[in-house]
Amino acid sequence: MYVAVKGGERAIENAHAWLAEERRGDRDVAELSIAQIREQLSLAVNRVMAEGSLYDPDLAALAIKQARGDLIEAIFLIRAYRTTLPRFGASEPVDTGAMACDRRISATFKDLPGGQVLGPTFDYTHRLLDFKLAAEGETPAAPSRVAEPGDVPHVTEFLNREGLIEEAVHDDTPPPDLTREPLEMPADRALRLQALTRSDEGFALGLAYSTQRGYARNHAFVGELRIGTVPVEMEIPELGFAIDIGEVTLTECETVNQFKGSKTEPPQFTRGYGLVFGQTERKAISMALVDRALRWEELGEDFVGAPAQDAEFVLYHADNIQATGFLEHIKLPHYVDFQSELELVRKLRREAGADQVQEAAE
Amino acid sequence: MKDTTHDDLARKTWMSLLARAPEGRAAALLDAAQARPAFTWLRAPEIGTTMVRGRAGGTGAPFNLGEMTVTRCALTLSTGEVGHAYVQGRRKGCAEAAALVDAMMQTDAGPVLRASVLDPLDAEMTAAKATRAGKAAATKVDFFTMVRGED
């Protein structure tokens, strides 16, 4: 319990004024603009959009500036802003098969229709600090080549054709929404995927890594990873038909996992799925691994007690805003709670002390 | 949902284009082409969100991915045509321009607007997409087998 305490108003005002000054930093250094953050710190912007669960690069950039680069604080600001907006509706499910891909790779097939497209990746860089970036200079334009027109097919389609992988059967059940209804167990896959896509990247990464190290091992291959833009289509009630209301950048990861078979079904590969706002590759792969681990029950696997298999553990601890809210509240005044604890400890010590004196006497 | 007619399909195409237009572009092209007609608001520009959905495994059951910001408005021209707009982001000026173009496309000014606003917008956005696709294509891996290890 914490109680209202009076008397800190001026200290709080002055603390906030100093915060604003510290945020600005040395005034001899040029101030950052929202556009600079949006364009040049775009992966931070993407993370804030994904975990803030609101696609709006300018807002995410503003939140990063306001939060002095503390991304969880920025995500908090975005979540709070989101609740002030009316919701006009829900989109048609996006068609990732029609994605305009910036990047598309497969770790399972070398030669595949559409090819391996690396995109603007950190992979194959030497991870050496580039001191040229410390000096101002122009970046040369990236090379270009004539692109093949048409959609890039999903890798799982090839395996599907041979029946070697479980199918993601088309279904139009309206999904539950954890932003409208409290998260309750058991959570179906749609709810789990919603919780995972907005989950903390570090938490998702740690859990995914644990499955690779043997806690609920399911031996994932990245069947396909693609990053690019898809149109977002929504039915407009006043018109009676659907239009594109915009376009979002998404990262999609499909894993191909250890096969299973039964008396009635021949062995086939299983799947994990990750889909995240923005260019957010580490998060999308993590999401796919954790999604697959959480599917143990429907796939008839054993619960081996691994954290990544435990939906309640994963889903109730994956949200960094809930976590940081509860964690950080313990720094707020708990004077009354602590006073009672203090009294109790003093009393216990008095009793123990008295006993010791008595023992010594005997 | 009623059957999408030919007219609806044309309208869907231009509304979809206007929704994705870069900041200020639709308004700039409209104003360069002609003076804005008189109108009254049916619904003044309003900022809200749409819940974007995906499908498990790309093709399976839908799930909620997260929201995106959207601005919408509706207006009536003094000649009676109603224009609607839903545009991505928090862009009241863009929504107004989009709704005006939507309404004016239903008048005799339609062909002129198509040539002066929609076609240039489409060309610009297609070119931007092609530039990006070209850069992606340049990062496509061309595999070749160097030496086979068996013998």
Side-chain angles (χ1 to χ4, degrees), chain A residues 50 53-56 59 82 85-94 96-97 100-102 110-111 115-119 142-147 154 168-173 175 177 189-190 193-194 197-198 232 234-236 238-241 243-248 252 254 271 273 275 277, chain B residues 1-5 8-9 11-20 23 42-43 46-70 72 74 82 84 86-90 125 129-143:
Chain A
S53 208
L54 184 66
Y55 195 98
D56 187 316
L59 275 183
R82 187 201 67 80
L85 297 177
R87 190 184 290 178
F88 297 155
S91 80
E92 302 293 321
V94 292
T96 54
C101 295
D102 283 353
K110 181 163 67 73
D111 299 304
Q116 306 262 2
V117 176
L118 302 181
S144 186
R145 197 165 87 176
V146 177
H154 273 121
V169 182
H170 188 88
D171 175 348
D172 279 321
T173 315
D177 183 354
R189 191 172 180 207
L193 289 172
Q194 184 184 12
T197 191
R198 71 211 298 267
V232 179
M234 182 169 77
E235 165 106 25
I236 307 298
E238 51 271 39
L239 297 178
F241 55 85
I243 64 164
D244 291 351
I245 54 166
E247 189 174 72
V248 294
E252 181 185 52
E254 293 215 70
R271 303 161 69 163
Y273 190 66
L275 185 67
F277 277 157
Chain B
M1 195 168 160
K2 69 182 180 192
D3 291 336
T4 311
T5 64
D8 284 351
L9 193 65
R11 194 172 180 195
K12 173 190 166 100
T13 306
W14 77 59
M15 287 186 76
S16 298
L17 185 72
L18 291 162
R20 291 181 288 115
E23 178 76 43
L42 276 175
R43 176 157 60 201
E46 175 190 20
I47 295 168
T49 71
T50 287
M51 176 55 91
V52 181
R53 287 179 176 162
R55 287 187 182 280
T59 54
F63 68 97
N64 290 308
L65 186 61
E67 286 162 275
M68 63 182 269
T69 50
V70 178
R72 70 176 176 187
V82 173
H84 289 279
Y86 278 77
V87 303
Q88 181 168 19
R90 294 156 301 118
M125 289 162 65
K129 272 225 142 41
T131 301
R132 221 172 157 85
K135 287 175 187 173
T139 67
K140 190 162 155 180
V141 180
D142 296 313
F143 285 108

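A note on names: the letters A, B, ... follow the listed sequences, proteins ahead of strands, and every chain is numbered from 1.
- Residue with the most contacts toward chain A among G54(B), G60(B), A74(B), A19(B): G60(B) (heavy-atom pairs, distance under 4.5 Å).
- Summarising the geometry, atom CZ belonging to R145(A) is positioned 8.5 Å from atom OG1 belonging to T139(B); distances are rounded to the nearest 0.5 Å.
- Going from atom CD1 of I245(A) over to atom OG1 of T50(B) covers 3.5 Å, rounded to the nearest 0.5 Å.
- The two atoms that bring A136(B) and C101(A) nearest to each other are CB-O, 3.7 Å, heavy atoms only.
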CA sep, side-chain torsions, deciding dist, call: Q194(A), M51(B), side-chain contact (heavy atoms from CB on, under 4.5 Å): CA-CA 11 Å; Q194(A) 184 184 12; M51(B) 176 55 91; 4.0 Å; yes
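- Residue T197(A) holds its OG1 atom at 6.0 Å from CZ of F63(B), rounded to the nearest 0.5 Å.
- The part of V87(B) that comes within reach of chain A is its backbone (N, CA, C, O), which places non-hydrogen atoms under 4.5 angstrom from that chain.
- Taking every heavy atom of both residues into account, R53(B) and A90(A) meet most closely at CZ-CB, 3.5 Å.
- In this structure, N64(B) CG and R198(A) CZ are separated by 10.0 Å, a value rounded to the nearest 0.5 Å.
- Residue R55(B) forms a side chain to side chain donor-acceptor pair (under 3.5 Å) with just one option from D172(A), T96(A), D171(A), and that option is D172(A).
- A distance of 7.0 Å separates CE in M125(B) from CD in E247(A), rounded to the nearest 0.5 Å.
- When each of M15(B), R132(B), R72(B) is scored by its heavy-atom pairs under 4.5 Å with chain A, the top score falls to R72(B).
- Contact record, T49(B) with L54(A): CG2-CD1, 4.0 Å, taken as the closest heavy-atom pair.
- In this structure, the side chains of Y86(B) and I243(A) come closer than 4.5 Å at one or more pairs of heavy atoms.
- With sequence neighbours excluded, the residues satisfying salt bridge (charged side-chain N to carboxylate O under 4.0 Å, His left out) with R87(A) are D177(A), E67(B).
- Minimum interatomic distance between P62(B) and A190(A) (heavy atoms only, all atoms of both residues): O-CB, 3.6 Å.
- Heavy-atom pairs under 4.5 Å with chain A were tallied for R90(B), K129(B), R11(B); the largest tally goes to R90(B).
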